[in-house]
Amino acid sequence: MEFVMTDIIARYKRLSNIDTFFVSGTDDNALKNVQSAEKEDIPVAEFVKKHAENFKKLASMLAVSNDYFIETSVDEQHRLGAQKLWEYAQKDIYKKKYKGLYCVGCEEFKTEKELINGRCSEHLGSTPEVVEEENYFFKLSSYQKQLHEIISTDKIKIVPQSRKNETLRFIEKGLEDFSISRSVERAHGWGIPVPKDDSQIQYVWFDALSNYINALGYASDSDKFKKYWTEVSEAVHIIGKGILRFHTIYWPAILLSAGIRLPTKIIVHGYITIDGAKMSKSVGNVVDPKDLIDEYGTDAVRYYLARHINPFEDSDFTMEKFKEAYNANLANGIGNLTARIMKLAETHLDNPVELPDTQLPEELKDLIESFEISKAVDLIWEHIGDLDGYIQKEKPFSVVKEDKEKGIEIIQNITIKLY
């Protein structure tokens with residue numbers, strides 16, 4: 001879903017003649033990857049590489065037009081950039097001993113009030129572990145007032161409004177400094193080392209968030225970094241609701257500390273659920289998109305995700321809904337319509353129709369700009385319905401037999417409308 005929706009935005013920007021750089025990838029340096037690799041009894045590097053390749057393959061199968069795919073465990077520019085960012089934020093970093101409840105699934109310390117019956121709200125099957133060690137901390141509390149002003153005034157625009165409100169409520173409760181490193185022992189030596197301290201590994205979220213600028217060459221202050229981050233008019237993140245806090249609070253604070261410009265917009269999507277429950281391998285309710293693509297094709301999967309998945313709220317998926325949309329909207333809808341028009345053109349037109357220069361309708365632009373992807377596709381389908389109605393009214397199949405010149409004119413109009 002995130003691949004497809006982000007790709008739609010990137011393609012729209014390029015169609016609007018906006019120079020666009022689209023980054024995706026994998027954050028590899030998590031403790032849960034270490035634990036999963038241990039369960040499979042393979043090296044961590046082999047484990048994360050295998051999964052990164054799966055995501056690369058999926059992006060290709062979905063025809064995603066990303067310009068770069070970053071793998072944070074092997075990308076040298078990422079390692080150098082994460083360490084540079086640490087150095088530039090040094091004034092807000094200090095070391096202290098700490099004891100807390102840590103959810104490996106979220107890679108985050110939790111408070112008792114954030115848990116449901118002692119379990120993580122994001123990972124209800126997971127009970128946080130008690131961790132006690134000496135780590136580096138970031139002075140998040142120093143940025144409370146500044147962050148509130150940035151979010152409330154839309155200097156960073158959070159979409160939808162409900163996620164902006166959620167972020168503001170969290171800030172208003174009072175921000176606490178957070179741990180940004182782990183001991184080498186607990187991290188099993190996996191991750192990016194803290195500069196000048198071999199006993200510590202950077203907290204996965206500190207290094208992972210920096211991928212956005214590291215993919216552009218932040219470490220070397222490259223021309224690409226200047227062009228697509230420092231000087232660009234719009235820098236957009238598209239994320240899932242479960243990582244809202246990291247992107248709307250932690251990341252901006254780190255950037256402020258390091259003296260780096262902020263993203264301009266953070267778009268937050270919901271989850272795809274099965275019978276109202278979040279997809280989970282442990283529960284066994286996962287649908288593999290590769291299987292859908294193999295059976296129904298890339299366009300069918302992209303269409304369903306774009307039109308039938310709410311861009312902001314959780315949306316339930318069933319194979320019945322998918323098949324119904326495929327048959328009604330694609331096979332019997334636009335598929336039949338296009339086949340009829342192409343048959344008319346092939347049979348009755350001697351030359352290709354000269355297509356006019358067109359602009360995207362303003363209403364469509366507004367919907368895409370506000371990330372209302374499903375409504376944008378609904379609007380497109382309204383035009384498809386209008387075209388179908390036009391054919392029913394003008395009856396080109398009959399007219400062309402009785403008045404060839406008039407029939408050809410109708411067919412040319414229909415072909416232009418289809419375009």
Side-chain angles (χ1 to χ4, degrees), residues 3-5 7-17 20 58-65 289-309 319-365 367-368 373-419:
F3 268 147
V4 169
M5 290 186 173
D7 185 57
I8 289 169
I9 297 295
R11 288 174 182 270
Y12 161 74
K13 294 293 185 183
R14 294 180 187 126
L15 280 172
S16 304
N17 295 316
T20 301
L58 178 59
S60 176
M61 292 176 74
L62 286 167
V64 175
S65 62
K290 294 176 184 175
D291 294 339
L292 287 179
I293 295 167
D294 285 339
E295 185 168 355
Y296 294 95
T298 296
D299 289 337
V301 175
R302 287 178 64 102
Y303 163 75
Y304 187 87
L305 292 171
R307 190 178 188 192
H308 295 282
I309 298 298
M319 280 305 302
E320 290 73 22
K321 291 178 184 176
F322 180 87
K323 289 177 182 178
E324 181 183 349
Y326 178 83
N327 290 321
N329 303 146
L330 298 183
N332 299 325
I334 190 149
N336 284 345
L337 176 65
T338 304
R340 289 164 64 200
I341 294 172
M342 291 298 99
K343 183 65 176 176
L344 279 169
E346 182 182 25
T347 304
H348 299 289
L349 300 183
D350 294 329
N351 299 300
V353 174
E354 187 174 332
L355 298 172
D357 290 331
T358 59
Q359 297 293 323
L360 293 174
E362 288 302 319
E363 186 180 359
L364 183 67
K365 289 182 180 180
L367 289 170
I368 298 177
I373 303 298
S374 58
K375 290 182 180 178
V377 184
D378 284 343
L379 180 64
I380 292 169
W381 239 255
E382 285 181 25
H383 284 269
I384 291 170
D386 291 343
L387 176 55
D388 208 23
Y390 179 79
I391 294 173
Q392 299 302 324
K393 178 184 175 183
E394 298 295 333
K395 297 181 173 55
F397 292 95
S398 301
V399 172
V400 76
K401 294 175 183 177
E402 301 167 3
D403 186 338
K404 187 173 181 180
E405 187 174 336
K406 183 178 180 182
I408 287 175
E409 183 181 347
I410 294 171
I411 294 168
Q412 288 174 331
N413 287 337
I414 289 170
T415 308
I416 291 169
K417 285 178 179 291
L418 177 66
Y419 169 72

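The figures that follow rest on heavy atoms only: side chains count, while hydrogens, waters and symmetry mates do not. These numbers come from a predicted model, not from an experiment. For reference, positions follow the sequence shown, starting with 1.
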- prompt: Less than 4.5 Å apart, any side-chain heavy atom of Ile410 and any of His348?
  reply: no

- prompt: Got Trp381 and Ile384 here, is their nearest side-chain heavy-atom distance under 4.5 Å?
  reply: yes

- line: The reported gap from OH in Tyr12 to CD1 in Ile373 (rounded to nearest 0.5 angstrom) is 10.0 Å

field: Donor-acceptor contact present, side-chain Asn327 to main-chain Lys323, <3.5 Å
entry: yes

message: Between Arg302 (side chain only) and Leu62 (backbone N and O only), is there a donor and an acceptor less than 3.5 Å apart?
response: yes

message: Is it the case that over 12 heavy atoms from other parts of the model lie below 6.0 angstrom from the CD atom of Gln392?
response: yes

message: Can you confirm whether Asp350 sits close enough to Ile408 that some side-chain heavy atom of one is under 4.5 Å from a side-chain heavy atom of the other?
response: no

- prompt: Is the NZ atom of Lys404 crowded by more than 12 outside heavy atoms at less than 6.0 Å?
  reply: no

Heavy-atom pair of closest approach, residues Pro356 and Tyr419: O-CE2, 3.7 Å

- line: Closest heavy-atom pair, Phe3 versus Ala59, reported as atoms and distance to 0.1 Å, is CZ-CB, 3.8 Å

Nearest-0.5 Å distance that lies between atom CE in Met319 and atom OH in Tyr326: 11.0 Å

task: Assess whether atom NZ of Lys375 is packed by more than 12 heavy atoms of other residues, nucleotides or ligands within 6.0 Å.
output: no

Verdict with supporting geometry, Asn329 and Arg307, side-chain contact (heavy atoms from CB on, under 4.5 Å): CA-CA 11 Å; Asn329 303 146; Arg307 190 178 188 192; 3.8 Å; yes

- line: Nearest heavy-atom approach of Asp7 to Ala63 is OD2-O, 3.6 Å

Pairwise side-chain contact, Met61 with Val301, heavy-atom cut-off 4.5 Å (strictly under): no

- prompt: So, do Ile341 and Leu387 sit near enough that their side-chain heavy atoms are less than 4.5 Å apart?
  reply: yes

- prompt: If only atom types and distance count, is the side chain of Ser374 paired as donor or acceptor with the main-chain N or O of His308 below 3.5 Å?
  reply: no

- prompt: Can we say Glu362 and Lys365 salt-bridge, meaning some charged N sits less than 4.0 Å from an Asp/Glu carboxylate O?
  reply: yes

message: Are more than 12 heavy atoms, taken from residues, nucleotides or ligands other than Lys343, located less than 6.0 Å from that residue's NZ atom?
response: no

message: Within the structure provided, determine whether Gln412 and Leu349 are in side-chain contact (heavy-atom separation under 4.5 Å).
response: yes

- request: Any chance you could measure Glu394, atom CD, to Ile391, atom CD1, to the nearest 0.5 Å?
  value: 10.0 Å

query: Is the distance between the ring centroids of Tyr296 and Tyr304 less than 6.0 Å?
result: no

field: Rounded distance (nearest 0.5 Å) linking atom CG of Leu305 with atom CD1 of Ile8
entry: 8.5 Å

- line: Which of Asn413, Leu418, Ile411 passes side chain to side chain contact (heavy atoms under 4.5 Å, CB included) with Thr415? It is Ile411

query: Any side-chain heavy-atom pair from Met5 and Ile9 closer than 4.5 angstrom?
result: no

For the student: nearest non-hydrogen atoms of Ile368 and Ala376, plus distance: CG1-CB, 3.9 Å

4.5 Å side-chain heavy-atom contact, Ser65 and Arg14: yes

